[in-house]
Amino acid sequence: MRLIQLRVADDEELEAVQTVLDDRSIRYVLTDEQRGDGAASLVQFPLPPEAVDEVFDDIEDAGVDADHYAVVARAETAWPDQSDAAERYEDRISHDELRGRAVGMNPGVVTYYGMTVLSAVVATAGLLLDSPAIVVGSMVIAPQVGSALTASVGTALSDRELVVEGFRDQALGLTVAVLGATAFGLLVRYAGFVPEALRVATVQQISQRISPGFLSMAVGVCAGAAGAVGLATALPVSLVGVMIAAALIPAAAAVGVGIAWELPAVALGAGILLLVNAAAINLTGFLVLWGLGFRPPEWPEGWPTVGTLRDHAPTVAAVALVLVAFAGASTVTARQMQVETAVNDAVADVLDDGAYESLRLLSVRTRFGGVSVYRLDRAVTVEVSRPADEAYPGLVEQLGRAISDAIDERVAVDVTFVERQSGTSERRAVRASSRATAPRMT
């Protein structure tokens, strides 16, 4: 519930407010206020969150300037609850409260950037230790939810100040996260805190974040939508903040690891994932808020005119920026999806051969394997289970040829054999690798 306190300056305004409240069967309390130049009144009444915008619109239509003095406060309970006061939307807060909640979620500068660095360092440690629990811990302390949702709210309400603040804090925050992860990665690498022979691209927590595909992009899309719903309704957004951080902070840390270990493919893959997730969060957050009915002031019904778009330049500019970023990153992501599908089909076709009927496919991972001036090279890791007394010396070469033909790109293929024995829990992993190069298409 919300407790509304509205100050009216004279009897004419008071009568207009009373008419609106009586028409909606809203009970209220009236308090007279004496001042030097006359008398004023304070009207107090409870409302459900979704009714605040409607009632204030009616009050302003009646000729009362609610912006002169109005307070919307939280109330634990009220009697009567006046649930019938809302007509259009369910469980949706007002425009002003939405803006207030977005602004309130942004911490101070020192807190924001300090916690960003700490979360990036923790995420980097979790990636290098291959520890999902530590990576999740970095998401809990990350403060990115405030800046992301501030940008979405500013775009939906055409609030230039919020748009600038939200996108600026996001860009600077993620840059600080990458720099913090890079510095920490350089420290642990050259100080000898991790094995010198460690291949960071093969660490599971890192390899999962250097190949942006559909599943990775879905995280950003759902995070932005969930954040907007949580902010725009009476639901808490604390847990939603973890979801948004999950789409951003580990990817930023992976970029730092790629830079620290001088692996352009790792940095590029994680960077694309970071960009597409950030764009997806902002885009879906805006679309959800728009779908819930949040609009800029004086936004017309139906299609906007050129003049309306000009008057609401912050919304137009922000949407255009997000769409360009999302489209650019999504192009690479879409190509990666095509490659992954082709690789999966090629591996399945090879293993369908009767000579490999004893093999069991465990996993297929496709990632960026190298970066050159003209193209991105792919690296594919195939894990299969085989009987302990059987060998498949030709499998690696056959997979390499099939995958190269399927994607028409240079590809490095690693095959990991996991031996199995009946009646025992013993497992031994043996790795074989091959590099096959497909003809370059012109």
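Basis for what follows: all heavy atoms, side chains included, without hydrogens, waters or symmetry-related copies.
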Notebook entry, point to check: Can any side-chain N or O of R386 pair as donor or acceptor with the backbone N or O of F417 at less than 3.5 Å?
Noted result: no

Checklist line | Side-chain touch L118/M115, heavy atoms, less than 4.5 angstrom | finding: yes

Check: Can you name the side-chain hydrogen bond (donor to acceptor under 3.5 Å, both in side chains) partners of T116, sequence neighbours left out?
Finding: Q144

Next item on the list: May I ask you to decide if S207's main-chain N or O and R365's side chain share a donor-acceptor pair within less than 3.5 Å?
Entry: no

Check: Between the main-chain N or O of V221 and the side-chain N or O of T284, is there a donor-acceptor pair closer than 3.5 Å?
Finding: yes

Next item on the list: Name all residues meeting the ring pair (Phe, Tyr, Trp, His ring centres under 6.0 Å) criterion together with W290; count only those two or more places apart in sequence or in a different chain, and write none if there are none.
Entry: F286, W299

Check: Would a distance-only check, ignoring hydrogens and angles, find a side-chain to backbone donor-acceptor pair under 3.5 Å from S147 to G166?
Finding: no

Item checked: Sequence neighbours excluded, every pair satisfying ring-ring contact (aromatic ring centres under 6.0 Å, His included) that has a member inside residues 323-358 -> Y356-Y392

Item checked: Heavy-atom check, side chain of V219 versus side chain of M243, under 4.5 Å -> yes

Margin query: In the structure I gave you, are the side-chain heavy atoms of I281 and L248 within less than 4.5 Å of one another anywhere?
Written below: yes

Check: Are P143 and T111 close enough that some pair of their side-chain heavy atoms sits under 4.5 Å apart?
Finding: no

Check: Can you check whether I244 reaches L149 side chain to side chain, under 4.5 Å on heavy atoms?
Finding: yes

Which atom pairs, one a donor and one an acceptor, fall under 3.5 Å between side chains of residues 124-135 and the rest of the protein, sequence neighbours left out?
| residue | atom | partner | partner atom | Å |
| --- | --- | --- | --- | --- |
| T124 | OG1 | A120 | O | 2.7 |
| D130 | OD1 | Q205 | N | 3.0 |
| S131 | OG | I134 | N | 3.4 |

Margin query: I need the full list of ring-ring contact (aromatic ring centres under 6.0 Å, His included) pairs touching residues 104-124, with sequence neighbours left out, sorted by first then second residue.
Written below: none

Item checked: Worked check of side-chain hydrogen bond (donor to acceptor under 3.5 Å, both in side chains) between R378 and Q336 -> CA-CA 9 Å; R378 294 320 199 276; Q336 180 67 11; 3.0 Å; yes

Next item on the list: Examine distances only and state if a side-chain atom of N106 and a backbone atom of A102 form a donor-acceptor pair shorter than 3.5 Å.
Entry: no

Notebook entry, point to check: What residue pairs, at least two apart or across chains, pass salt bridge (Lys or Arg N to Asp or Glu O under 4.0 Å) with a residue in residues 220-231?
Noted result: none

Note to self: Any non-hydrogen side-chain atom of L395 less than 4.5 Å from a side-chain atom of L351?
What the structure shows: yes

